[in-house]
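Following: one structure in C-alpha cells, then a few remarks.
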Amino acid sequence: QVQVEESGGGSVQAGGSLRLTCSASGLTLNSYCKAWFRQVAGKEREGVASLNHDGTATVADSVKGRFTISQDNTKNSLFLQMDSLKPEDTGTYYCVMFPWVGYCHSPGHWGQGTQVTVSS
C-alpha cells in the first residue's frame with residue numbers, strides 16, 4: 001500500500017521561508033516521478049515543482065529562484081524549500097508520486113495537502 005503525507009505548512013510573513021516535507025511509504029522514490037502542486041484561492045490547481053526519476057528537477061516560472069525541490073532516499077521523503085515567500089504563494093500544497101513506467105503515469109498517489117499562509 002502506497003501512502004503519501006505532507007507536513008511543514010504554516011503561517012509566515014512575506015519574505016519568510018518554509019520547508020515542506022512529503023513522507024512516502026510503500027514505494028521507492030527513484031521509481032517515481034515526484035511533484036508538488038498547489039491550490040491557490042481564485043486560481044486553478046497548478047504544478048509548482050517536479051523531480052523526475054533520474055533526478056532532473058523543474059520548477060514553475062512563478063517560483064523559479066525561490067523554491068527548491070529535493071529528496072532523501074534514506075528517509076524516503078520529498079522536500080520543497082520555499083524562500084522569499086509572497087502572499088500569492090498562499091494555498092494548499094500537495095505532494096504527488098507518479099510511477100515511472102517509461103513516462104510519469106497519472107493519476108499517481110496524492111497526499112491530503114498542507115496549508116501555507118503568507119501575510120503581507
Side-chain angles (χ1 to χ4, degrees):
Q1 66 283 3
V2 174
Q3 294 186 338
V4 178
E5 182 176 359
E6 305 92 340
S7 62
S11 298
V12 298
Q13 293 289 318
S17 298
L18 284 173
R19 190 191 195 211
L20 305 185
T21 297
C22 174
S23 298
S25 62
L27 60 82
T28 299
L29 291 185
N30 286 343
S31 296
Y32 285 76
C33 304
K34 300 155 282 287
W36 289 94
F37 284 77
R38 69 184 180 187
Q39 181 67 59
V40 176
K43 299 179 63 178
E44 296 182 351
R45 185 190 65 190
E46 62 181 338
V48 177
S50 65
L51 188 62
N52 212 343
H53 72 288
D54 63 359
T56 301
T58 302
V59 297
D61 288 341
S62 60
V63 303
K64 189 171 295 182
R66 301 188 298 118
F67 290 12
T68 303
I69 187 171
S70 62
Q71 70 180 60
D72 186 326
N73 290 339
T74 301
K75 298 179 179 179
N76 225 42
S77 298
L78 180 73
F79 306 99
L80 184 66
Q81 178 65 45
M82 306 186 295
D83 298 320
S84 301
L85 284 162
K86 304 175 180 179
E88 50 262 47
D89 293 320
T90 294
T92 304
Y93 285 69
Y94 299 89
C95 174
V96 193
M97 302 285 176
F98 301 104
W100 173 254
V101 291
Y103 60 95
C104 304
H105 192 278
S106 297
H109 306 283
W110 291 69
Q112 296 183 14
T114 186
Q115 179 67 33
V116 171
T117 301
V118 184
S119 302
S120 299

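All heavy atoms count here, side chains included; hydrogens, waters and symmetry mates do not.
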> Quick one: side-chain contact (heavy atoms from CB on, under 4.5 Å) partners of S70, sequence neighbours excluded?
Replying inline: F79
What are the two closest heavy atoms between [X] and [Y], and how far apart are they?
| X | Y | value |
| --- | --- | --- |
| A57 | I69 | CB-CG2, 4.0 Å |
| C22 | V4 | SG-CG1, 3.3 Å |
| S120 | P87 | OG-CG, 3.5 Å |
| P99 | G108 | CD-CA, 4.2 Å |
| N52 | C33 | OD1-SG, 3.2 Å |

Side-chain contact, heavy-atom cut-off 4.5 Å: [X] with [Y]?
| X | Y | answer |
| --- | --- | --- |
| V63 | R38 | yes |
| L29 | N76 | yes |
| V40 | E88 | no |
| E5 | T114 | no |
| Q71 | L51 | yes |

> Are M97 and L27 close enough, and set up right, to give a side chain to side chain contact (heavy atoms under 4.5 Å, CB included), and what steps lead you there?
Replying inline: CA-CA 9 Å; M97 302 285 176; L27 60 82; 4.0 Å; yes
> H53 pairs by ring-ring contact (aromatic ring centres under 6.0 Å, His included) with which of W100, Y103, Y32?
Replying inline: W100
>> Hydrophobic clustering (ILVMFWY, side-chain heavy atoms < 4.5 Å, transitive) - are V12 and L20 grouped together?
In response: yes
>> Taking side chain to side chain contact (heavy atoms under 4.5 Å, CB included) as the criterion, tell me which of D89, V116, V118 meets it with M82.
In response: V116
> Testing E6, Q112, K34, H109 for side chain to side chain contact (heavy atoms under 4.5 Å, CB included) with C95, which one passes?
Replying inline: E6
> Say you draw a straight line from CZ of R66 to OG of S17; how long is it, rounded to the nearest 0.5 Å?
Replying inline: 10.0 Å
> Just how far is it from atom CZ of R19 to atom OG1 of T68, taken to the nearest 0.5 Å?
Replying inline: 10.5 Å
> In the hydrophobic cluster built from side-chain contacts under 4.5 Å, what are the other members alongside W110?
Replying inline: F37, Y94, V96, F98
> L85 and Q13: side chain to side chain contact (heavy atoms under 4.5 Å, CB included), yes or no, with the steps?
Replying inline: CA-CA 8 Å; L85 284 162; Q13 293 289 318; over 6 Å; no
